[in-house]
**Q** 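The structure's right below; bear with me while I get my questions together.
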Amino acid sequence: MSHPATPRVTRPRTVLAMSGETRAAILAPEALDRLARVADLDARLLVTDFGADDPAQRTGLHEAEVLFTGWGCPPLDPAALTAMPRLRAVVHAAGSVKHHITQDVWDRGITVSTAATANAFPVAEYTVAAILFANKHILESARVYREARSRVNLLERFPGVGNYQRTVGIVGASRIGRRVIELLRPYDLRVLVHDPYLDEADARSLGVERTELDTLAAESDVVTIHAPELRGTYHLFDAPRLALMRDGATLVNTARGSLVDTEALVKEVATGRLNAVLDHTEPEVLPADSPLYDLPNVLLTPHIAGSQGGELHRLADAAVDELERYAHGLPFAHAVDPRTLHQQA
């Protein structure tokens with residue numbers, strides 16, 4: 001009687017490629033220890049420039065089977081790949097791989113994994129908090145209470161406050177968008193979703209209503225953006241689409257700032273007609289004189305929705321999990337598909 005072959009366990013030669021700041025933030029001593037158990041790793045070697053004139057780096061890259069990358073990894077262009085003739089896989093301990101994975105990587109048959117799913121968790125948590133706070137009018141009620149410094153007649157000042165049977169519009173059924181949908185399930189909300197790649201069967205399985213973007217904008221109490229930055233999504237929320245949003249609605253943007261026309265948004269929120277929760281803006285850091293810093297109906301945060309602080313350890317754990325799968329001869333659980341990469345952030 002034959003038995004299935006047991007996958008051969010290896011310790012693949014692995015090199016770190018990311019900025020020094022990223023390594024310090026992501027790879028805590030415990031993560032480095034675990035990484036060293038899974039892989040043949042020289043923890044002293046950190047590649048920040050594939051073209052650096054460093055004998056130890058040249059030797060390390062020449063022998064590397066796996067590249068363990070993070071924010072600040074240089075592009076894997078033909079010259080970089082020539083220096084790594086044995087490279088078989090890239091494990092990215094962060095989200096998007098578009099900054100360093102080139103077509104040459106795919107042409108060479110190199111497999112790529114990303115921790116984007118792990119990075120989706122804190123963004124979705126931030127978003128759900130923003131949705132629930134928006135429908136409770138937290139910014140406005142806190143301001144009113146601060147100014148009054150006495151009992152506030154809530155029924156008079158906030159007759160429509162609350163999350164019960166409110167409508168939430170999710171733009172983009174991405175990893176983050178789907179996680180938001182999952183986290184919203186315990187609440188009695190109507191959830192609309194717009195995504196050109198979402199079909200009716202998938203929408204039903206998610207328990208959401210698939211709709212056109214203009215309809216979503218017009219019918220939602222809160223609109224939250226989770227679409228990728230593409231040519232077709234530039235200023236997705238421009239002046240006409242913002243004008244469709246109902247009075248008192250809130251726009252939440254944890255995606256790229258370019259998806260919202262900042263000038264048009266400033267005009268809308270300055271009138272008080274719309275509210276906004278913005279973790280990404282265009283430009284990424286607004287000018288010091290931007291009205292968005294001071295408007296009472298705008299919550300502006302400094303790109304904090306994604307993995308920060310202790311949440312970065314989740315990225316390292318997810319990436320080491322992938323490397324461990326590779327060492328056991330198993331396929332990546334979160335492999336990047338080059339055929340659909342253009343749809344992603």
**Q** Test salt bridge (Lys or Arg N to Asp or Glu O under 4.0 Å) on R34 and E324 and set out the steps.
**A** CA-CA 10 Å; R34 185 178 168 218; E324 190 166 23; 3.2 Å; yes
**Q** Only pairs at least two apart or in different chains count here, so list each salt bridge (charged side-chain N to carboxylate O under 4.0 Å, His left out) that has a residue in residues 51-71.
**A** R13-E63, D53-R58
**Q** Apply the side chain to side chain contact (heavy atoms under 4.5 Å, CB included) test between L16 and each candidate in L67, L41, V47; give the one that qualifies.
**A**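 Single side chain to side chain contact (heavy atoms under 4.5 Å, CB included) partner of L16 among L67, L41, V47: L41.
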**Q** If you measure from CG on L265 to CG on L278, what distance do you get to the nearest 0.5 Å?
**A** 6.0 Å
**Q** Report whether L45 and L81 are members of the same hydrophobic cluster (ILVMFWY, side-chain heavy atoms less than 4.5 Å apart, transitive linking).
**A** yes
**Q** Between D279 and T301, do the side chains contain a donor N or O and an acceptor N or O under 3.5 Å apart?
**A** yes
**Q** So does E311 pair up with R314, basic N to acidic O under 4.0 Å?
**A**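 No salt bridge links E311 with R314.
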**Q** Under a 4.0 Å threshold between the charged nitrogen and the carboxylate oxygen, would K267 count as salt-bridged to D261?
**A** no
**Q** Side chain to side chain contact (heavy atoms under 4.5 Å, CB included) between I101 and V336: does it pass, once the steps are laid out?
**A** CA-CA 10 Å; I101 298 299; V336 178; over 6 Å; no
**Q** Which distance, rounded to the nearest 0.5 Å, do you find between the OG1 of T254 and the OH of Y126?
**A**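 It is 7.5 Å, given to the nearest 0.5 Å.
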**Q** Would R190 and E219 pass as an ion pair if we require N to O under 4.0 Å?
**A**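 Salt bridge present between R190 and E219.
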**Q** Does the side chain of S150 come under 3.5 Å of the side chain of Y145 through a donor N or O and an acceptor N or O?
**A** no
**Q** Do L32 and L323 share a hydrophobic cluster, counting only Ile, Leu, Val, Met, Phe, Trp and Tyr and linking them when any side-chain heavy atoms are less than 4.5 Å apart?
**A**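 Linked, L32 and L323 end up in one cluster.
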**Q** Can you label the angle between the F332 ring and the Y326 ring as parallel, tilted or perpendicular, going by 30° and 60°?
**A** parallel
**Q** May I have the step-by-step check of side chain to side chain contact (heavy atoms under 4.5 Å, CB included) for I176 and F121, ending in yes or no?
**A** CA-CA 7 Å; I176 297 170; F121 279 64; over 6 Å; no
**Q** Using distance alone, with no hydrogens and no angle criterion, decide if H303 and E284 have a side-chain donor and acceptor under 3.5 Å apart.
**A** yes
**Q** Can you tell me how far OG1 of T211 sits from CG of L198, rounded to the nearest 0.5 angstrom?
**A** 11.0 Å
**Q** Determine whether the side chains of E229 and S258 contain a donor N or O and an acceptor N or O closer than 3.5 Å.
**A**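 Result is yes, a qualifying pair exists.
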**Q** Could you give the distance from CZ (R246) to CG (L274), rounded to the nearest 0.5 Å?
**A** 11.5 Å
**Q** Going from CG on L46 to CD on Q57, what distance comes out if it is rounded to the nearest 0.5 angstrom?
**A**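 Nearest 0.5 Å value for the CG-CD distance: 9.0 Å.
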**Q** For T69 and H92, which I'm curious about, is there any donor-acceptor pair between the side chains at under 3.5 Å?
**A** yes
**Q** Measuring from atom CD1 of I225 to atom OG1 of T233, what distance do you get when rounded to the nearest 0.5 angstrom?
**A** 9.5 Å
**Q** Would M84 and L76 satisfy side chain to side chain contact (heavy atoms under 4.5 Å, CB included), going step by step from the backbone distance to the final call?
**A** CA-CA 10 Å; M84 294 177 279; L76 286 160; 3.5 Å; yes
**Q** Evaluate the criterion salt bridge (Lys or Arg N to Asp or Glu O under 4.0 Å) for residue pair R143 and E147; output intermediate values, then yes/no.
**A** CA-CA 6 Å; R143 177 179 56 80; E147 292 172 352; 3.7 Å; yes
**Q** Hey, does H62 have a side-chain heavy atom less than 4.5 Å from the side chain of P85?
**A**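 Contact flag for P85/H62 side chains = yes.
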**Q** Can you tell me if H313 and E30 form a side-chain donor-acceptor pair at under 3.5 Å?
**A** no
**Q** Between T59 (side chain) and P55 (backbone), is there a donor-acceptor pair under 3.5 Å?
**A** yes
**Q** Please tell me whether S307 and N119 have a donor and an acceptor in their side chains that are separated by less than 3.5 angstrom.
**A**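 There is such a pair between these side chains.
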**Q** Working note: V161 + N135, criterion side chain to side chain contact (heavy atoms under 4.5 Å, CB included); need CA distance, chi angles, decisive distance, verdict.
**A** CA-CA 6 Å; V161 72; N135 282 332; over 6 Å; no
